[in-house]
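Keep in mind the model is a prediction, meaning the values are calculated, not measured.
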Amino acid sequence: MASSADYADDFVDELMPSGFDWERLVRAYPLPALVLAALGGFMLGRQRGPVVVSALSSFAATQVTQGVNSLLGDEIL
């Protein structure tokens with residue numbers, strides 16, 4: 001099962017232009033990257049809060065279901 005960090009990396013990679021090394025920039029400038037992420041999250045939450053919460057809830061439910069099914073070895077949920 002892939003970790004949530006893998007999903008986040010894939011998501012950011014899809015958003016950025018090809019060849020853009022965002023990980024290097026975050027390592028080089030951690031504080032501005034954190035501020036930019038917080039500002040982006042705030043803006044996204046104000047504009048699309050209910051939609052984002054709904055999507056994250058669905059994603060979390062799917063991940064929990066897959067985890068439980070893999071632990072039990074059967075597709076119960």
Side-chain angles (χ1 to χ4, degrees):
M1 185 161 71
S3 71
S4 60
D6 293 336
Y7 290 117
D9 284 346
D10 291 343
F11 179 71
V12 172
D13 286 338
E14 287 179 19
L15 291 176
M16 296 297 159
S18 62
F20 184 76
D21 189 9
W22 64 270
E23 292 171 329
R24 182 187 58 80
L25 287 175
V26 169
R27 275 190 235 93
Y29 307 102
L31 204 52
L34 180 63
V35 170
L36 184 62
L39 181 62
F42 176 77
M43 299 291 285
L44 183 65
R46 285 188 47 95
Q47 292 179 356
R48 307 271 186 232
V51 174
V52 171
V53 169
S54 175
L56 288 175
S57 298
S58 295
F59 175 75
T62 301
Q63 293 302 308
V64 168
T65 301
Q66 289 176 353
V68 168
N69 286 338
S70 70
L71 285 175
L72 295 176
D74 240 320
E75 219 170 290
I76 294 188
L77 300 175

Review point. Step by step, would you call Val64 with Gln66 a side chain to side chain contact (heavy atoms under 4.5 Å, CB included)?
Key: CA-CA 5 Å; Val64 168; Gln66 289 176 353; over 6 Å; no

**Study point:** Partner residues of Val35 under the side-chain contact (heavy atoms from CB on, under 4.5 Å) criterion, sequence neighbours left out
**Key:** none

Practice item. Check whether Val26 and Leu34 end up in the same hydrophobic cluster, where Ile, Leu, Val, Met, Phe, Trp and Tyr are linked by side-chain heavy atoms less than 4.5 Å apart. Key: no

Quick one: side chains of residues 42-51, donor-acceptor pairs under 3.5 Å with protein atoms, not counting sequence neighbours, listed by atom name and distance.
none

Exercise for review: Find the distance between CG (Asp21) and CZ (Arg27) and round it off to the nearest 0.5 Å.
Suggested key: 7.0 Å

Point to revise | Any residue meeting side-chain contact (heavy atoms from CB on, under 4.5 Å) with Phe20, in chain and number order, not counting sequence neighbours | key: Met16, Pro17, Trp22, Leu25

